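Just so you know, these numbers come straight off a predicted model, no measurement behind them. Below, read A as the first sequence line, B as the second, and so on, with proteins coming before strands; counting in each chain starts at 1.
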Amino acid sequence: MEKIYLAIVLAPLIGALIAGLFGRKIGNVGAHSVTILGVAIAFGLSLYAFYMHVWGGLPTFSAAVYTWAAADSFHFDIGFMIDHLTVLMMVVVTSVSLMVHIYTVGYMVGDPGYQRFFSYISLFTFSMLMLVMANNLLQLFFGWEAVGLVSYLLIGFWYKKETAILANLKAFIVNRVGDFGFLLGIAAILMYANTLDYATFFERLPALAGVKVEYWPGVEWSLPTVIAILLFIGAMGKSAQVPLHVWLPDSMEGPTPISALIHAATMVTAGIFMVARFSPVFELSDAALSFVMVIGAITALFMGLLGIVQNDIKRVIAYSTLSQLGYMTVALGASAYSAAIFHLMTHAFFKALLFLAAGSVIIAMHHEQDIRKMGGLWKYMPITFVTFLIGSLALIGFPGTSGFFSKDSIILAVQASHLPGATFAYWSVLLGVFVTAFYTFRMFFLVFFGKERMDAPTRSHLHESPKVVTLPLILLAIPALLVGYFTIDPLLYSGFFGTAIEVLPAHDVMATLHEHFHGAGAMMLHGFTSPVVWLSFLGVALAGLMYLVLPNQLPMLFARIFAWPKRVLDGAYGFDDFNNVIFGGGSRLLGRGFWRIGDVRLIDGLMVNGTAHLIGVTALQWRKIQTGYLYHYAFVMILGLIGLMTWIVFLR
Amino acid sequence: MFSSSWPILSLIVWLPIIAGALVMWFGAGRAQWARWFALASSGVVFGLSVALLPRFDTHTYAMQFVERVAWIPQLGIHYHLGVDGISLPLLILTTFTTVLVIIAAWEVIKEKAHQYLAAFLIMEGMMNGTFAALDAIVFYFFFEAMLIPMFVVIGIWGGPKRVFATIKFFLYTFLGSVFMLIALIYMYFKGGSFSILAMQQLPLSLTEQVLIFLAFFIAFAVKIPMWPVHTWLPDAHVEAPTGGSVILAAIMLKIGGYGFLRFSLPITPDAAALLDGMVIAFSLIAIVYIGFVALAQSDMKKLVAYSSISHMGFVTLGIFVIFMIAENPLNVGGSGIRLALEGAMVQMISHGLISAAMFLSIGVLYDRLHSREISAYGGVVNTMPWFAAMMVVFAMANVGLPGTSGFVGEFMVILAAFKANFWIAFFAALTLIIGASYTLWMVKRVYFGEVQHQGVAELKDVNPREAWMLGSLVFLIILLGVWPNPLLDLMHATIEHLAQQALTSKL
């Protein structure tokens, strides 16, 4: 199996290298063939690994590939750990990646950076696989930063666009704020556990549970809380949790396929995966879990609200991604790690589907992304319409779709949690359901129904996208619709994750849920009577009323009534303005101040040139004595002689 | 390949100096001959230094390839050379960088090309001598002598304010080393030998140690350079020609770090332990404060110069944080000391590669548009895609991205610093944010965006000479980032011995 794991990561890497270095020689067809082949190999072998581990009874695999560095008493390895959590992630990553690769053939056609794009997305697949397959924190960090690099390259893919290259800079730096916490978390683990290896760390964890640390005089923290929160700060950056979420909406400047792959389905869920992987640490700290839950709840509700006022189709879905990541984070905080991973998986499928379908719309609209200029598209592009509908239904949690099972499980889990903050989180995620339904179907109705608001030339060219685009849509629509129904029981209630996820009995909300779970069908039927589903229906109904029934009156009226809240939402709560002024402007000011005052004026001006000046001035004074007149010197000599004689004769 | 009786280190030291002299004498009016001869001789020296590797025994801290003959026996001065796990990597870095500098000068330096090349060959020999010297006077001789060719390089081929910059550079470094000479002479009178290894054994009282430590500290802090004696470096870089900047950043700064490892820690361990707080504070100021200063620069060379100072902060931090690691009662098992020292060493090698790459890249742009101002560029990727791709690799290495060499040293030092104190690691780790900000903001303004100027629109992508020069650095930077272990293997034994010396009190 070792060779197979290695092949899974290396196949996309080789594809990326060939497409990147020899792109001009092998041409467009060569570049997409070699990368699609690489990812297809990775996907096929991942399925095999999944099969072998889940049904073939293979035990958890963990071994080093090579020693990256051995220094002091530490071994930093590049190595794989393959358990059920890993194989699930591998299948999700490679399957979505494969779909996106195929889709890109249609989406990026004619772009001068065609080969480069394929090289990047294959490199991304390699990095993401390295991240999920790691057996130690070094490699996790390696993959973590590598996916960040590719994200940076891809957001700025159209490097002539000023907005794009500003967005990728922002994405990198905001992620680095998270990484700052993450790296300190890694350092804390090395400090106290003397290892970066997952298994060894978890073995040594019980001994560290009671350790107290004091980083601020008088304030004592428990060590697991410190480690968990530092690691979670890393997750907040990568998984775009408030207040480190600001980069994700802007990342939509990148081409749509990568919005689907990186900024919806896989990379942004790395933080969720990481917290689930470190469940043994988080379990030891109620404070950290509460923190996680509250941050997630804020993100889930308030980022969803921002989706309501967006008019760019990609930005609506981007805010929806933020909100859904919030749901996953809430689940982590409620110790429902399996539910978080479950939602991660269903979300990967339906959100990738939504993004790719939106991309199909964008192609048809000649790269117009404003939903106010769309409308009535359903009859021009039936496949896109149906698949977009499936994605939307899954997103709002329509009973039976994959999103229903995962989101409902999260809400139930939060309801069952007794940690501080659980009540707030419960109401947030519940209200979030209504908000999600409203913004999703606002977008859906504006795009596919109502008056055709595009200009005449665009309308005359409207048509369904080519097969290479619609095929991935169909292939993603299947799991978006069905995967929840078939996997909820095995994933959540049959111990699928085994020892990969650890939950203390006191936190075990999933056990509570299990008592009330009587099969996926029963859950679906029961769904129709639960407030969750009715809230989402209400959201759809309101969206329909506003944008289908009375599109000319109601939106205007609402905008007038809620003028003040709308202004807050339009400004996205002022995060960007605050960051630009305080952090952006502040650090530039600080830099200039340090330089002009510290370096130029104080060090160079006062100390260095000051000393030079002082020497100069003293020398000038000294020079005055050296007049060059013989009688001056003679006079001084006589004075000296008299002085000397006086001293010798009288004072000795 | 070479029998053990070959004076291979002497060859590595003197061959470049002799070659430099030949280029100087016979190169006038024969620029092309001078270039090929300089390239060939620097290539041979590089080959010789690499040939040390397979015969280098990594299991011992003892000096290897030792040569020792009496030079001025009346004063106990010996011509004494040898290398161990900390000087060998730096020696190879020097010989490699010199080859690059000669390639970089190829068709760029037209005026007095033979003298320019000769200066770098002679400088190479002196830097090699500094790293290989085991006698304090030999060390001091090379340490001072290398200033002269550098002084000449900046003074003749430099920018408009070169005279000011050279004098500032010379006064600073010269003033620093005078104190070192006094300390060396004092120890000679005390111990009767100029052997560095003997000085390491010399018993010294705490007062003596503190005074000697401070004398060394002034010399090496200026060289590396540390805040607040760093301001000569940006001025020197801005005025220096590309090759001068490369050698200055890649090698000369490292001599400061090397000095701390070779002299300060083993000779004055108690003083180092006493004054480590000061050095750590200066290092953290370098990392944070200088990072912000770099953000404010509009001249690319100044920006990279400040970035160098900030990165060298990790070297001094790694070297001096070991005492706090050893004293930290929470650090059960007391590990992390060698991690810090090896991290500092890796940071030096890596910074040698990255800063060379950055300055060579700026040189590539400067050769074309004759400006170092960020605002004179914009959208370079449109006309120089291969160059921009390599530059993004260098920038990412400067940012410390895993998979590049820039990550390794910073990672090791930050992890080790946490073992000393949370807040040291906290401030050191801020480089993740600040370093990314100033580096990538520059990349955005210079490389990305629409073509901003007519000059940029007419740029030609890298020629094969430049592609090989920068490509070799891309290769090494990634190799060292993906697999640093072979480099670490070279130094384990030496670092272990050094850690022991540093933590054993002489009192």
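Atom CD1 in B:Ile167 sits 14.0 Å away from atom CZ in B:Phe174 (nearest 0.5 Å). To the nearest 0.5 Å, atoms CG (A:Leu590) and CZ (A:Phe594) are separated by 4.0 Å. To the nearest 0.5 Å, the span separating CG on B:Leu284 from CZ on B:Phe427 amounts to 7.5 Å. The structure places CG of A:Leu205 at 7.0 Å from CD1 of A:Ile227, a figure rounded to the nearest 0.5 Å. Here the straight-line distance linking atom CZ of B:Phe418 with atom CG of B:Leu339 works out to 13.5 Å at 0.5 Å rounding. Between the CG atom of A:Leu166 and the CD1 atom of A:Ile155 there is a distance of 11.5 Å, given to the nearest 0.5 Å.
Using a 4.5 Å cut-off between heavy atoms, B:Val482 touches chain A through backbone and side chain atoms alike. Using a 4.5 Å cut-off between heavy atoms, B:Pro385 touches chain A through its side chain atoms alone. Of the atoms belonging to A:Ile186, heavy atoms from both backbone and side chain fall under 4.5 Å from chain B. Using a 4.5 Å cut-off between heavy atoms, A:Ala146 does not touch chain B at all. Both the backbone and the side chain of B:Leu330 have a heavy atom closer than 4.5 Å to some heavy atom of chain A. Only the side chain of B:Leu295 comes within less than 4.5 Å of a heavy atom of chain A; its backbone N, CA, C and O stay farther away. Looking at B:Val229, there are no atoms closer than 4.5 Å to chain A (heavy atoms on both sides), in backbone or side chain. With a threshold of 4.5 angstrom between heavy atoms, B:Val451 does not approach chain A through any atom at all. Residue contact with chain A, scored on non-hydrogen atoms closer than 4.5 Å, involves the backbone and the side chain of B:Leu440 alike. Heavy atoms of A:Leu169 lying under 4.5 Å from chain B belong exclusively to its side chain. Within the 4.5 angstrom heavy-atom criterion, no atom of A:Ala164 approaches chain B. Neither the backbone nor the side chain of B:Leu487 comes within contact range of chain A; no heavy atoms are under 4.5 Å apart. Of the atoms belonging to A:Leu149, it is side-chain heavy atoms, and not backbone ones, that fall under 4.5 Å from chain B. For chain A, no part of B:Met491 is nearby; none of its heavy atoms comes within less than 4.5 Å.
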Chain B against chain A: donor-acceptor pairs under 3.5 Å:
| residue | atom | partner | partner atom | Å |
| --- | --- | --- | --- | --- |
| A:Tyr66 | OH | B:Val482 | O | 2.7 |
| A:Thr67 | O | B:Trp483 | NE1 | 3.2 |
| A:Trp68 | O | B:Asn485 | N | 3.1 |
| A:Trp68 | NE1 | B:Gly481 | O | 2.8 |
| A:Trp68 | NE1 | B:Val482 | O | 3.4 |
| A:Ala70 | N | B:Asn485 | OD1 | 2.8 |
| A:Ala70 | O | B:His492 | NE2 | 2.9 |
| A:Asp72 | OD1 | B:Arg338 | NH2 | 3.3 |
| A:Asp72 | OD2 | B:Gly336 | N | 3.0 |
| A:Asp72 | OD2 | B:Ile337 | N | 3.2 |
| A:Asp72 | OD2 | B:Arg338 | N | 2.9 |
| A:Asp72 | OD2 | B:Leu339 | N | 2.8 |
| A:Tyr159 | O | B:Gly449 | N | 2.7 |
| A:Glu162 | OE2 | B:Lys444 | NZ | 3.0 |
| A:Arg176 | NH1 | B:Val399 | O | 3.1 |
| A:Arg176 | NH1 | B:Leu432 | O | 3.1 |
| A:Leu190 | O | B:Lys419 | NZ | 3.4 |
| A:Met191 | O | B:Lys419 | NZ | 3.4 |
| A:Asn194 | OD1 | B:Ser335 | OG | 3.1 |
| A:Asn194 | OD1 | B:Lys419 | NZ | 2.5 |
| A:Tyr215 | O | B:Trp423 | NE1 | 2.6 |
| A:Phe594 | O | B:Tyr289 | OH | 3.1 |
| A:Trp595 | NE1 | B:Tyr306 | OH | 3.4 |
| A:Asp599 | N | B:Tyr289 | OH | 3.2 |
| A:Asp599 | OD1 | B:His230 | NE2 | 3.1 |
| A:Asp599 | OD1 | B:Tyr289 | OH | 2.8 |
| A:Asp599 | OD2 | B:His230 | NE2 | 2.7 |
| A:Asp599 | OD2 | B:Tyr306 | OH | 2.9 |
| A:Asp604 | OD1 | B:Lys168 | NZ | 3.2 |
| A:Asp604 | OD1 | B:Thr231 | OG1 | 2.6 |
| A:Asp604 | OD2 | B:Lys168 | NZ | 2.9 |

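The two residues B:Val413 and B:Ala344 make their nearest non-hydrogen contact at CG2-N, 3.8 Å. Residues A:Ala193 and A:Leu208 come closest through the heavy atom pair CB-CD1, 4.1 Å. Listed here is the closest heavy atom pair of A:Ala71 and B:Leu488: CB-CD1, 4.5 Å. Across every non-hydrogen atom of B:Pro225 and B:Ile309, the tightest pair is O-CG2, 3.6 Å.
Annotation: side chain to side chain contact (heavy atoms under 4.5 Å, CB included) contacts of B:Ala340 (sequence neighbours excluded): B:Val321, B:Ile322, B:Ile325, B:Ala416.
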Legend entry - A:Leu230/A:Phe182 under side-chain contact (heavy atoms from CB on, under 4.5 Å): CA gap, chis, key distance, verdict: CA-CA 6 Å; A:Leu230 285 173; A:Phe182 192 26; over 6 Å; no
Legend entry - Residues A:Ile14, A:Leu17; criterion side-chain contact (heavy atoms from CB on, under 4.5 Å); working and verdict: CA-CA 5 Å; A:Ile14 292 167; A:Leu17 288 178; 5.6 Å; no
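For the set A:Leu190, A:Leu196, A:Leu602, A:Ile78, the entry with the most heavy-atom pairs within less than 4.5 Å of chain B is A:Leu190. Interface check for chain A: of the options B:Ala296, B:Ala429, B:Pro484, the most heavy-atom pairs under 4.5 Å are formed by B:Pro484. When the candidates A:Phe180, A:Phe76, A:Phe142, A:Phe172 are compared by the number of heavy-atom contacts under 4.5 Å with chain B, A:Phe180 comes out ahead. Of the residues considered (B:Ile337, B:Leu432, B:Val293), B:Leu432 shows the highest number of contacts with chain A, using heavy-atom pairs under 4.5 Å. Per-residue heavy-atom pair counts under 4.5 Å with chain B were compared for A:Val213, A:Leu138, A:Val226, and the maximum is reached by A:Leu138.
The environment of CZ in B:Phe164 is crowded: more than 12 heavy-atom neighbours from other residues, nucleotides or ligands sit within 6.0 Å. In A:Phe583, the CZ atom is not crowded: 12 or fewer heavy atoms of neighbouring residues, nucleotides or ligands sit closer than 6.0 Å.
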